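Before anything else, here's the structure in question.
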2 protein chains.
Amino acid sequence: MSEVDPLGPDFAYVQVANAIAARINTGEARGRLPDGRHLAGEFGVAYQTVRHSLQVLHDRGLVVTRPGSGTFVVHPASRGG
Amino acid sequence: MSEVDPLGPDFAYVQVANAIAARINTGEARGRLPDGRHLAGEFGVAYQTVRHSLQVLHDRGLVVTRPGSGTFVVHPASRGG
DNA sequence: CTATATTTGTGCGTATGTATG
DNA sequence: ACATACATACGCACAAATATA
């Protein structure tokens, strides 16, 4: 179970972003992330919301995305700390 | 090693186009290019992606394609004047 | 002209990310 | 936050053009 709480203190996209970030930090998520539509179903949100979350992670330098390919976790070493 | 970088800043078809253009400029590629499907295997992309790349090179005037025959590098002299 | 091999060209479906309403 | 349309990318199969025997 990984659904967000619509009444939670944060917006849905923030909750999803934090959840994915946690997976990256623990090493649970490496390489290519599951596709956005799959994550949307997992978190019980719309695909666009997941996109918003990934944009946040991209802004933090945690992931990079490529059309037609997927979203990839940036190596911790490449993040400089 | 000639495969495209899935984390690269450019699309796969752009990376392939630039790689082939570099070979043409260095003279490594002359006459007829390897067939598209061979290039696809070499760069680790789909044939359709190579087609897209060759379309870009054709647009730059670097190559010409003849159906059933192959894709040929345009002579530098023909491009420079 | 027929047959075969090689190479390019096209269509369909599917996965994934991007942009807009 | 949601739905829709569009671009990039992959895989497969078939058609068309060319070269060779």
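Here is the naming used below: chain letters follow the sequence lines, and residue numbers restart at 1 for every chain. Here the structure is a predicted model, which means the values were calculated and not measured.
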Original post:
Other hydrophobic cluster members with Val64(B), side-chain heavy atoms of Ile/Leu/Val/Met/Phe/Trp/Tyr under 4.5 Å, chained?
Top reply: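 ILVMFWY cluster around Val64(B) also holds Phe72(B), Val74(B).
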
Subject >> same_hphob_cluster(Val45(B), Tyr47(B)) at 4.5 Å side-chain heavy-atom cutoff >> reply: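 Cluster IDs for Val45(B) and Tyr47(B) differ.
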
Subject >> From Leu39(B) atom CG to Thr49(B) atom OG1, the distance as rounded to the nearest 0.5 Å >> reply: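 The OG1 atom of Thr49(B) is 12.0 Å from CG of Leu39(B), to the nearest 0.5 Å.
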
Original post:
Considering every strand shown, what is the Watson-Crick or G-U wobble mate of dA1(D) when both distances are under 3.5 Å?
Top reply: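 With both distances under 3.5 Å required, dA1(D) matches none.
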
Original post:
What's the shortest heavy-atom distance between Leu62(A) and Ala21(A), and which atoms?
Top reply: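 The pair with the smallest heavy-atom distance is CD1-CB, 4.0 Å.
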
Subject >> side-chain contact (heavy atoms from CB on, under 4.5 Å) between Val63(B) and Ile20(B), intermediate numbers included >> reply: CA-CA 10 Å; Val63(B) 301; Ile20(B) 297 175; 5.5 Å; no

**OP:** Output the residues of residues 53-66 of chain B in contact with DNA chain D, where contact means a heavy atom of the residue under 4.0 Å from an atom of the strand; sort by number or write none.
**Re:**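 The stretch gives Arg66(B) as the residues lying under 4.0 Å from the strand, ordered by number.
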
Original post:
Who passes salt bridge (charged side-chain N to carboxylate O under 4.0 Å, His left out) against Arg23(B), sequence neighbours left out?
Top reply: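 Arg23(B) satisfies salt bridge (charged side-chain N to carboxylate O under 4.0 Å, His left out) with Glu42(B) once adjacent residues are dropped.
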
For a quick test of your reading: what N or O donor-acceptor pairs under 3.5 Å do the side chains of residues 29-36 of chain A make, sequence neighbours left out?
{"residue": "Arg30(A)", "atom": "NH1", "partner": "Gly27(A)", "partner atom": "O", "Å": "3.0"}
{"residue": "Asp35(A)", "atom": "OD2", "partner": "Arg37(A)", "partner atom": "N", "Å": "3.4"}
{"residue": "Asp35(A)", "atom": "OD2", "partner": "His38(A)", "partner atom": "N", "Å": "3.0"}

Original post:
dA15(C) phosphate, OP1 or OP2: any side-chain N/O from Ser69(A) under 4.0 angstrom?
Top reply: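 For dA15(C), OP1/OP2 do not have a side-chain N/O of Ser69(A) under 4.0 Å.
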
Subject >> Distance test, side-chain N/O of Arg32(A) to OP1/OP2 of dT16(C), below 4.0 Å >> reply: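 True: Arg32(A) side-chain N/O within range (under 4.0 Å) of dT16(C) OP1/OP2.
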
Original post:
OG1 of Thr71(A) to CG of Leu54(A): how many Å apart, nearest 0.5 Å?
Top reply: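 Reported value, rounded in 0.5 Å steps: 5.0 Å.
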
**OP:** Considering only heavy atoms of chain B and a distance under 4.0 Å, specify the first and last nucleotide of DNA chain D in 5' to 3' order that meet this criterion.
**Re:**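 The contacted stretch runs from dT8(D) to dA19(D).
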
Can you check nucleotides 19-21 of chain C for protein contacts, nitrogen or oxygen pairs under 3.5 Å, and list what you find?
none

Original post:
Roughly how far, to the nearest 0.5 Å, is CD of Gln48(B) from OG of Ser53(B)?
Top reply: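 Between atom OG of Ser53(B) and atom CD of Gln48(B) there are 11.5 Å.
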
Subject >> Interatomic distance, Leu33(B) CG vs dT7(C) P [rounded to whole Å] >> reply: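 Whole-Å distance recorded here is 12 Å.
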
**OP:** Take Gly44(B) and Arg37(B), find for each the nucleotide of DNA chain D with the closest heavy atom, and name the residue whose nucleotide sits nearer the 5' end.
**Re:**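 Taking each residue's closest nucleotide, the earlier one in sequence belongs to Gly44(B).
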
